Amino acid sequence: MSEKLLKDLFFKEYYFSDFFFFNVGYEKCQSKHRFGPSLRDNYIVHFVISGKGRYTVNDTTHYLGAGDFFLIRPNELVDYEADAEDPWEYYWIGFSGTKVKEILQTNGIGSKDYTGQVGAQEELQGKFVIFMQSDFFDDSKKLANQALFYDIFSFFKIHNENMEMGVRVSQTKKYSEAFLLYVENNYYREDLAIEEIAKSMYLHPSYFSQVIKEELGLTALKYLNLYRMNKASQLLKTTELSVEEIASAVGYRNRHSFTRAFKTRFQSSPTRYKLEK
């Protein structure tokens, strides 16, 4: 019987908490090499690069081969075994974190999904080779290793239409949150346009406007104007800047257009508002 080839690395994670890996491994299994029935304490994903085998979870058996992957969840009874004639060879990653379920969902992996197929097998295999050669105990390489983990995990996807629809629904909230951040960091620009913000998200302006109206209850342009006016009121109350300087600071080309917008918002001119501080 040929010698079993195995590499199994473990390390404690000190920096990341949302989504991180703590174990990577590789094995070229012997004929009928079996693990289980057993419970695991964490998530593990296996990527088969050659050979065949079976994976049984929750009394359902999946027969897998090169290019397939299978997911193990915490505290679920699993049993997997290499084929007798063509035993499988695979890599795996053990992972955990407070956002694991959300990350799986973004890849279309629902609570009842356990197996899938990798589209670019050779590319992923190459990344695993590099990953297994990394020094996981060198903190100066921590970000690079974490980035490679994210890259590798992006290959594990399942095209589940129901899950994708769920992600699409939440996508509108992500667009609105991105819009709020864009305004927060660009409100002072005189040339800022709603079309530009939509383009930054690769959205058609009309669809973008519809999303913002649904999520925030007001149009994107109205929100931008309100944000600018609230910033202007803050500057009027807390600084000695002139009205002209404040108008420029919140994205207005001239004092007159700024004054009109300010009066609409606060029913008071900027000068009077400043004197009442």
Side-chain angles (χ1 to χ4, degrees), residues 15-19 97-99 102-103 105-108 142-144 146-151 153-154 157 164-277:
Y15 301 99
F16 300 102
S17 59
D18 288 349
F19 186 57
T98 59
K99 296 294 185 181
E102 290 84 351
I103 296 296
Q105 187 180 50
T106 62
N107 279 15
K142 171 60 66 176
L143 290 177
Q146 184 73 0
L148 185 51
F149 163 58
Y150 287 159
D151 189 11
F153 204 87
S154 69
K157 296 180 179 179
E164 288 178 356
M165 179 59 70
V167 172
R168 269 192 223 112
V169 170
S170 65
Q171 200 77 357
T172 59
K173 181 174 177 61
K174 294 177 183 177
Y175 290 144
S176 67
E177 290 172 341
F179 167 67
L180 297 181
L181 284 172
Y182 206 102
V183 170
E184 180 181 338
N185 289 279
N186 290 277
Y187 70 91
Y188 57 87
R189 287 175 41 203
E190 295 180 356
D191 62 343
L192 180 61
I194 300 303
E195 291 76 11
E196 171 194 325
I197 303 176
K199 187 177 180 180
S200 75
M201 302 179 201
Y202 305 100
L203 298 176
H204 190 280
S206 61
Y207 173 70
F208 171 74
S209 298
Q210 177 185 340
V211 167
I212 298 305
K213 182 69 180 295
E214 290 176 354
E215 288 290 325
L216 302 183
L218 68 167
T219 66
L221 183 59
K222 186 170 183 179
Y223 178 85
L224 173 59
N225 290 336
L226 284 173
Y227 191 92
R228 283 171 161 167
M229 291 302 99
N230 289 336
K231 278 292 181 182
S233 70
Q234 182 181 356
L235 291 171
L236 286 165
K237 291 289 189 182
T238 61
T239 74
E240 297 303 323
L241 294 175
S242 68
V243 172
E244 288 81 2
E245 289 172 321
I246 291 174
S248 177
V250 298
Y252 281 82
R253 288 187 173 87
N254 61 72
R255 173 173 177 161
H256 299 296
S257 58
F258 168 69
T259 298
R260 285 195 301 271
F262 195 88
K263 282 183 176 180
T264 300
R265 173 68 177 89
F266 293 103
Q267 292 77 53
S268 174
S269 70
T271 302
R272 181 178 177 184
Y273 191 89
K274 186 176 181 67
L275 292 173
E276 293 174 348
K277 72 176 182 177

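What you are looking at is a predicted structure, and each value in this text was computed from that prediction instead of being measured.
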*Apply side-chain contact (heavy atoms from CB on, under 4.5 Å) to the pair Tyr252 and Arg228, showing each step before the final yes or no.*
CA-CA 9 Å; Tyr252 281 82; Arg228 283 171 161 167; 4.0 Å; yes

Would you say NZ of Lys142 has more than 12 non-hydrogen atoms from neighbouring residues, nucleotides or ligands within 6.0 angstrom?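 Check passes, neighbour count above 12.
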
Look at the side chain of [X] and the backbone N and O of [Y], then say whether any donor-acceptor pair between them is shorter than 3.5 Å.
| X | Y | answer |
| --- | --- | --- |
| Lys274 | Leu241 | yes |
| Ser248 | Glu244 | no |
| Asn107 | Phe153 | yes |
| Asn230 | Leu226 | yes |

Can Arg255 and Thr271 be counted as having a side-chain donor-acceptor contact under 3.5 angstrom?
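There is such a pair between these side chains.
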
Pairs touching residues 228-249 that satisfy ring-ring contact (aromatic ring centres under 6.0 Å, His included), sequence neighbours left out:
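For residues 228-249, and leaving out neighbouring residues, there are no ring-ring contact (aromatic ring centres under 6.0 Å, His included) pairs at all.
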
Quick one: pull up CZ in Phe16 and OG1 in Thr98 and give me the separation to the nearest 0.5 Å.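 These two atoms lie 13.0 Å from each other.
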
I'd like to know if Lys173 and Glu177 make a salt bridge, using a cut-off of under 4.0 Å between side-chain N and carboxylate O.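 Salt bridge: yes.
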
Checklist entry - What are the two closest heavy atoms between Phe262 and Pro270, and how far apart are they? => result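 Heavy-atom minimum between the residues: CD2-N, 3.7 Å.
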
- prompt: Taking only residues two or more places apart in sequence or in another chain, which ones pass ring-ring contact (aromatic ring centres under 6.0 Å, His included) with Tyr182?
  reply: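 So Tyr182 forms no ring-ring contact (aromatic ring centres under 6.0 Å, His included) with any residue.
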
